[in-house]
Amino acid sequence: MNDVDTGERRRSGETRPVITELIDEATVQSIAEDAWTALVGEDEILLPIPGELTGDIVSSWVDVVGPWTGTVVLTTGRETAAGLTRALLGDHAPDELEDEDIADAFGEIANVVGGNVKAALPGPSALSLPDVGDAPAVRNPADVCRLDVLWRGEPLSISVQGALPALPGAPQN
Amino acid sequence: MRALVIDDSRAMRRIVSGILEGLGYETQQAGHGREGLDVLDGGWLPELVCVDWNMPVMDGLQFVSAVRANPAYRQLTIMMVTSESEHTQIVRALAAGAHEYMIKPFTADAFRDKLALLGLLPQEVAL
């Protein structure tokens, strides 16, 4: 009897790269520093020191869809996001920021960081419009490259995280 | 000189418009490609259009194609200003009819250099 190709063999041997095989924290930090210098201010520094994110936090993110599919997520305190918005808008910042202003500016920072992360990954890939809110859940802890920094002493994280669960038999962190 | 700035981010529109106004440009803003076309169709024709790529309703590439399909807009210089930095994407934008490509993030100096390359620095600034 001839073998019937059900695709099972290919599926059982399927592999896909995890993000740590494609990009490292140093590259993400370099991308973030360039974005901060250009968007937030020439003298703005990101210190690669972990800080604890507590209280009212907000995330902004963009999705990358391609050979690697996942999300680039920025997370920080809402007050820090407001500070980033003021820095980004400079003289154009309104006296009282609205949630929409923060979502727009924080989303744009995610868009710029995410676009440059995408460029560092194998392509071609597509980039989504930015979104702001509660961070998407981590689906596979082994498929995450996370950078923790301090901006003006406040904690901020940048997580490049896969959108798919781990394959059966794949190593877990 | 006039410039139309098209980006779905208000913050980015303000940044780009601020740079251009500092160089002496009069600017208008639009939140996506369709709004940008509406500005042009309304008769406000700039020398320069700065357009983002990823936007709702009509993206930057669709905008460039629409402008290039209309002979009335032949004189417009279009610069894509976007975080899309893959080489293939840059080639697509230029093939569609964009003249220049500026990758976010950028500095005001880098922006000015691109305008100089395009011959679009106001004379008093270029001197």
Side-chain angles (χ1 to χ4, degrees), chain A residues 30-42 44 60 62-67 72 81-82 84-94 97-98 100-132, chain B residues 5-22 27-35 50-63 80-93 95 101-114:
Chain A
S30 173
I31 288 169
E33 285 172 347
D34 286 348
W36 250 251
T37 303
L39 294 176
V40 184
E42 284 183 19
E44 300 294 344
S60 62
V62 289
D63 297 325
V64 177
V65 179
V72 181
L84 280 168
T85 302
R86 289 194 182 287
L88 195 108
L89 294 176
D91 295 339
H92 301 289
L97 287 179
E98 296 180 4
E100 198 179 336
D101 297 315
I102 297 170
D104 178 79
F106 198 36
E108 182 60 15
I109 295 173
N111 178 48
V112 172
V113 172
N116 285 276
V117 166
K118 176 175 92 84
L121 300 175
S125 302
L127 192 69
S128 74
L129 295 172
D131 209 343
V132 178
Chain B
V5 179
I6 309 172
D7 198 305
D8 58 327
S9 165
R10 280 186 298 161
M12 189 52 69
R13 291 202 301 270
R14 285 171 178 162
I15 289 171
V16 173
S17 297
I19 293 171
L20 288 164
E21 287 164 7
T27 67
Q28 279 212 29
Q29 301 180 15
H32 50 72
R34 182 65 254 171
E35 274 188 12
C50 298
V51 59
D52 186 20
W53 188 307
N54 291 310
M55 294 181 290
V57 185
M58 177 187 276
D59 69 26
L61 197 62
Q62 292 170 321
F63 172 84
M80 299 286 291
V81 183
T82 172
S83 59
E84 282 284 357
S85 48
E86 282 183 25
H87 179 70
T88 51
Q89 300 291 66
I90 296 173
V91 171
R92 281 180 72 196
Y101 203 96
M102 181 68 132
I103 295 170
K104 300 174 186 174
F106 53 82
T107 63
D109 286 345
F111 201 94
R112 183 188 152 123
D113 289 347
K114 287 284 187 185

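Per chain, numbering begins at 1; letters A, B, ... match sequence-line order. Side chains are part of it too, since the values below use all heavy atoms of this structure and drop only hydrogens, waters and symmetry mates.
Within residues 13-21 of chain B, the residues approaching chain A closer than 4.5 Å by heavy atoms are, in numerical order, B:Arg14, B:Ile15, B:Gly18.
The CG atom of A:Leu88 sits 6.5 Å away from atom CE of B:Met12, with the distance rounded to the nearest 0.5 Å. A distance of 11.5 Å separates CG in A:Leu129 from OG in B:Ser9, rounded to the nearest 0.5 Å.
B:Glu35 pairs by the salt bridge (Lys or Arg N to Asp or Glu O under 4.0 Å) definition with nothing, not counting sequence neighbours. Listed by chain and residue number, B:Lys104 satisfy the salt bridge (Lys or Arg N to Asp or Glu O under 4.0 Å) test with B:Asp52 (two or more places apart in sequence, or in another chain). Residues satisfying the ring pair (Phe, Tyr, Trp, His ring centres under 6.0 Å) criterion with B:Tyr101, sequence neighbours excluded, are absent altogether.
One finds no salt bridge joining A:Glu108 and B:Arg10 here, because no Lys/Arg side-chain nitrogen approaches an Asp/Glu carboxylate oxygen to under 4.0 Å.
Chain B forms the most heavy-atom pairs under 4.5 Å with one residue out of A:Leu39, A:Ile31, A:Asn111, A:Asp104, and that residue is A:Asp104. When the candidates A:Ile109, A:Thr37, A:Leu121, A:Leu127 are compared by the number of heavy-atom contacts under 4.5 Å with chain B, A:Leu127 comes out ahead.
Interface remark: A:Glu100 contributes backbone and side-chain atoms alike to the contact with chain B (heavy atom separation under 4.5 Å). Both the backbone and the side chain of A:Asp101 come within less than 4.5 Å of a heavy atom of chain B.
Of all the heavy atoms in B:Pro105 and A:Asn116, the pair that sits closest is CD-ND2, 3.6 Å.
No donor-acceptor distance shorter than 3.5 angstrom exists from the side chain of B:Glu86 to the backbone of A:Pro124, with no hydrogens or angles considered.
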